[in-house]
Amino acid sequence: MDYIEILPRREGTVVRNIRSFSAAEILDCGQCFRWENTAENTWRGVAFGRVCTLVEEEGALYFPHASVEEFKRVWFDYFDFGRDYNEIKALLCQDKNAARAVDFCPGMRVLRQEPWEALCSFIISQNNNIKRIRGIVARLCEFFGEPLGDGLYAFPAPQRLTGLQKEDLEPLRCGFRAEYILHAAQMVAGGDIDLQAMYTMNLDSAREQLRRIRGVGPKVAECALLYGMGRVECVPVDVWISRVLERMYPQGLPSEMASVGGIAQQYLFHYARHSPAFAGDA
DNA sequence: TACCAGGGCCTTT
DNA sequence: AAAGGCCATGGT
């Protein structure tokens, strides 16, 4: 297990003995849409209604604006420090293909984002590219989220969006997704769907409930469960993963990986999109 | 069943 | 600079 050390600094918190962490791999891989590389080794983002600054140092991570208490309460779980990635990587690397992907991005992790933000973000993500998704999400937060200073905004709660008409979302320029967002907000705010319960409930029931939302198909439901509800056995299949499955796993992912299939998918997705080796190999 | 809407980014030409 | 491909879902 990674035993990370969490220590106060005069300003903020430093975390040492971190393995398996690369901010670029984690924050710029299409699993989240609100982090920016603001300076060398420095990233700034918003999650759980809080601004977070993160500096990658030699063998450590520095959170200049987070107290030890806030780190433990919010960011420890968000960055999934409670999970032993070394153990998972060891398991995945028994397979030759997965080992290549893990070697390509050994600092990858699956974030534990807020359920509503993940659901809403991945509704926006459908039939869309990462650049544009980031723009739409940014405008959604600017128009409807609580200001947090520094020109940053919280992700708007579903309650904030109920009662809006799709015309009200025109400034987001999200096209046909506007009515999907509003329908999702109504279902969640109205209690028709309990996102919190989806952390632990039967997986197929969760999938079924999510798919009652207009605009939520199998891919989006799987993304919401994986990135928003901590369901790491979920494997969203987009075109990239579909290529990976075709070429590397025509019989499907090995059953040994099933319990962490979503994490395996994260390595493989990044590998397929960015490795010249994958692109070059017909 | 097959096909298209919606729109902006990307790659190729 | 222009053209064409891409994308997840729902509706026709």
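Lettering follows sequence order; numbering is per chain, from 1.
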>> With side chain to side chain donor-acceptor pair (under 3.5 Å) as the test, pick out the partner of A:Tyr227 among A:Gln266, A:Arg112, A:Glu117, A:Gln113.
In response: A:Gln266
> Remaining members of A:Tyr153's ILVMFWY cluster at a side-chain heavy-atom cut-off under 4.5 Å?
Replying inline: none
> Quick one, which residues of residues 219-229 of chain A touch DNA chain C with a heavy atom under 4.0 Å?
Replying inline: A:Lys219, A:Val220
>> Is it the case that the side chain of A:Glu246 and the backbone of A:Arg243 share a donor-acceptor pair, with hydrogens and angles ignored and the cut-off at 3.5 Å?
In response: no
>> According to ring-ring contact (aromatic ring centres under 6.0 Å, His included), who are the partners of A:Tyr267, at least two apart in sequence or on a separate chain?
In response: none
> Do A:Arg83 and A:Asp80 sit within salt-bridge range, that is, some charged N less than 4.0 Å from a carboxylate O?
Replying inline: yes
> On the ring face of A:Phe278, is A:Arg247 found with NZ or CZ under 6.0 Å from the centre and within 45° of the axis?
Replying inline: yes
> Of the residues in residues 119-128 of chain A, which ones touch DNA chain B at a heavy-atom distance under 4.0 Å?
Replying inline: A:Asn127
> A:Ile130: which other cluster members, linking ILVMFWY side chains closer than 4.5 Å, directly or transitively?
Replying inline: none
>> Considering only residues two or more places apart or on different chains, which pairs with a residue in residues 29-41 of chain A satisfy side chain to side chain donor-acceptor pair (under 3.5 Å)?
In response: A:Trp35-A:Tyr78
> Which residue pairs satisfy the side chain to side chain donor-acceptor pair (under 3.5 Å) criterion with at least one member in residues 60-74 of chain A, sequence neighbours excluded?
Replying inline: A:Arg50-A:Glu70, A:Glu69-A:Arg73, A:Glu70-A:Trp75
> Does the A:Asp84 side chain pair with the main chain of A:Glu87, one donor and one acceptor, at a distance under 3.5 Å?
Replying inline: yes
>> Taking the basic N atoms (NZ, or NE/NH1/NH2) and the acidic carboxylate oxygens, is any pair closer than 4.0 Å for A:Arg44 and A:Asp150?
In response: yes
>> Between C:dG5 and B:dC3, how many Å separate the two P atoms, rounded to a whole number?
In response: 15 Å
> Is any NZ, NE, NH1 or NH2 atom of the basic residue among A:Arg207 and A:Glu222 found under 4.0 Å from an Asp or Glu carboxylate oxygen of the other?
Replying inline: yes
> Mind checking whether A:Phe33 and A:Phe122 have ring centres under 6.0 Å apart?
Replying inline: yes
> With a 4.0 Å cut-off on heavy atoms, is A:Arg139 in touch with a base, just the backbone sugar-phosphate, or nothing at all?
Replying inline: nothing
Report all side-chain donor-acceptor pairs from residues 249-261 of chain A shorter than 3.5 Å, counting only partners two or more places apart or in another chain.
| from | atom 1 | to | atom 2 | distance (Å) |
| --- | --- | --- | --- | --- |
| A:Tyr249 | OH | A:Asp95 | OD2 | 2.5 |
| A:Tyr249 | OH | A:Ala98 | N | 3.2 |

> Going by number, which of residues 129-138 of chain A have a non-hydrogen atom under 4.0 Å from DNA chain B?
Replying inline: A:Asn129, A:Lys131, A:Arg132
>> If you assign A:Tyr180 and A:Val239 each to the DNA chain C nucleotide with the nearest heavy atom, which residue ends up on the more 5' nucleotide?
In response: A:Val239
> Just the endpoints, please: which first and last nucleotides of DNA chain C, 5' to 3', lie under 4.0 Å from a heavy atom of chain A?
Replying inline: C:dC7 to C:dG10
> What pairs with A:Arg231 under salt bridge (Lys or Arg N to Asp or Glu O under 4.0 Å), at least two apart in sequence or on another chain?
Replying inline: A:Glu233
>> With heavy atoms of chain A within less than 4.0 Å as the criterion, where does contact along DNA chain B begin and end?
In response: B:dG6 to B:dC10
